[in-house]
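Everything below concerns the one structure shown next.
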Amino acid sequence: MKRRNFIKKTSVTGLGLVAVSSAFIGCNSDTKTSDKKGLSSTLNPIRPLVIATWKTDLAVETAAKVLEKGGSAIDAVEQGCRIEEANEEGQSVGKGGLPDRDGDVTLDACIMDEKGNYGAVLGVKNIKHVISVARKVMEDTPHVMLVGDGAEKFAVLKGFERENLLTEASKKAWEKWKEKSEYKPIINIENHDTIGMLAIDKNGHISGACTTSGLAYKMAGRVGDSPIIGGGLFVDNEIGGASATGLGEEVLKTVGSFLIVELMRQGKTPQEACEIAIGRIVNKPGKDFKNFQVGYIAVNKQGETGAYSIHEWFSYNIYKDEENKNIKSDYFNKA
Ligand code: SD4
């Protein structure tokens, strides 16, 4: 293959490819719209490109292969996310995800294509590849969201198999948790968590996907940001896309991914937009952000990327120029 150095698995610390931004976090600078640098330049856009939350080498490699063969961004993000859903070691996505307080693994996922179409499933039990179910909701129904039993029923109708998503390891972890039953969000689960993925295909089309088992030991029925349009994911093919990981309640309160895309529309770089979006969370009066994490990734139409989190150790994988790298994100809380 032309890609002799295709998917070099390199771990890079520091800011790596991401431009350091001088954005002033938390002020109202995001309302200035005079600078259109995010929209004006159309020379040499970077494509194909994949960016995904956390250390997701294989998922990004899988998506990149779809794109390198001339496949579409929407196929790439679906195929990439399925890798994490099938990975039983990962305790925050798909099979093997940590359950809710009742011991049920419930999955959330959404997908968005370059035409602005969107599909999502929320609180689904017994079906592993919820990202593909979300795509079916988008393509085969007049709706955008299906929840719980209805989503499961729809999945089975579409040929998805029911299976037990609670692995022995996750069951053990839950049983241990029950001894104290203390609910505390976990800041970073072993550098591996909810996957949000954005891709640009060879035609320059942008799509995104996000899939998760949500917060470990959440209340039964709790839904986070990941399957919510504008929360865990947003794509506007004219501008770019963004995705989130971390404490979904905080992402939703600031409509984080939509905010980032709108900031890019106003001319912010992806990096500036991610930093401002984190600023919206941490600069709320009295907000105690010490015990929760939020991380964002973003890409614009040019293939410029950004990432930013509240705390250290958020990382993301990026595939571009025939290389797949894991990069440590810059972060806010350096105290
Ligand atoms: C949620 N945002 O359900 C997801 C969980 C997550 O890193 O991303 N954890 O709130």
Side-chain angles (χ1 to χ4, degrees), residues 51-56 59 81 84-85 87 89-94 96-101 104-112 120-125 130-131 134 145 147-148 151 165 170 173 177 183-198 208-234 242-260 274 277-278 280-281 289 291-298 307-317 328-329 331 333:
I51 183 168
T53 53
W54 302 105
K55 186 159 171 54
T56 41
C81 284
E84 291 303 330
E85 290 177 339
N87 173 11
E89 315 263 290
Q91 290 192 306
S92 52
V93 180
L98 290 168
D100 64 16
R101 292 175 198 190
D104 290 317
V105 180
T106 62
L107 305 182
D108 300 331
C110 75
I111 196 159
M112 201 163 176
V121 289
L122 290 68
V124 182
K125 294 179 191 166
V130 278
I131 198 67
M145 281 188 192
V147 57
L165 302 177
S170 290
W177 174 82
Y183 179 68
K184 282 191 197 142
I186 303 167
I187 285 202
N188 297 314
I189 303 179
E190 293 160 7
N191 197 15
H192 200 290
D193 217 316
T194 298
I195 182 165
M197 182 182 277
L198 305 160
C210 188
T211 181
T212 188
S213 52
L215 291 184
Y217 319 126
K218 59 194 176 185
M219 291 173 71
R222 180 265 185 192
V223 172
D225 60 312
S226 304
I228 306 298
I229 190 168
L233 179 74
F234 195 71
S243 190
T245 180
L247 188 62
E249 281 74 3
E250 296 300 327
V251 175
L252 284 172
K253 283 184 230 168
T254 48
V255 202
S257 293
F258 183 71
L259 171 63
I260 289 170
C274 288
I278 290 291
R280 287 281 176 97
I281 297 171
F289 55 83
N291 295 319
F292 67 82
Q293 172 72 301
V294 171
Y296 287 116
I297 55 168
Y308 202 64
S309 57
I310 299 178
H311 300 285
E312 197 174 5
W313 301 118
F314 172 51
S315 77
Y316 58 100
N317 262 69
K328 193 180 158 200
S329 168
Y331 58 97
N333 185 21

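Whatever order the structure lists ligands and atoms in, that order sets their numbers, starting from 1. Predicted model, so just to flag it, every value in this text is computed and none were measured.
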Any idea which of Ser243, Gly246, Gly232, Gly224 brings a heavy atom closest to atom 4 (C) of ligand 1? Gly246
Within the distance-only criterion (no hydrogens, no angle test), does the side chain of Asp108 pair as donor or acceptor with the backbone N or O of Gly123 below 3.5 angstrom? yes
Option passing side-chain contact (heavy atoms from CB on, under 4.5 Å) with Glu85 (candidates Val130, Leu165, Leu107): Val130
Does anything in residues 222-232 pair up under salt bridge (charged side-chain N to carboxylate O under 4.0 Å, His left out), and if so which pairs, sequence neighbours excluded? Arg222-Glu249
Ligand 1-proximal atoms of Glu250, by part, heavy-atom distance under 4.0 Å: neither
Within a distance under 4.0 Å of any heavy atom of Thr194, pick out the atoms of ligand 1 and give their elements. 4 (C), 5 (C), 6 (C), 7 (O), 8 (O), 9 (N)
Backbone or side-chain N or O of Asp193 under 3.5 Å from ligand 1 N or O: yes
Minimal non-hydrogen separation, His311 against Phe289, with atom names: NE2-O, 2.8 Å
Is the closest N or O pair between Gly248 and ligand 1 shorter than 3.5 Å? yes
Expected output: side-chain Thr56 to main-chain Trp54 donor-acceptor under 3.5 Å: yes
Does Arg222 reach ligand 1, in the sense of a heavy atom lying below 4.0 Å from it? yes
Taking both backbone and side-chain atoms of Thr245, is any N or O found less than 3.5 Å from an N or O belonging to ligand 1? yes
Against heavy atoms of Gly214, which atoms of ligand 1 measure under 4.0 Å? 3 (O)
Going by the order shown, which atoms of ligand 1 are within less than 4.0 Å of some heavy atom of Ser226? 2 (N), 4 (C)
Element-labelled atoms of ligand 1 that are located less than 4.0 Å from some non-hydrogen atom of Asp225: 1 (C), 2 (N), 4 (C), 10 (O)
Under 3.5 Å, is there a donor-acceptor pair between the side chain of Lys218 and the main chain of Gly224? no
Would you please name every residue forming a side-chain contact (heavy atoms from CB on, under 4.5 Å) with Ile281, sequence neighbours left out? Glu250, Thr254, Phe292, Val294, Tyr296, Ile310
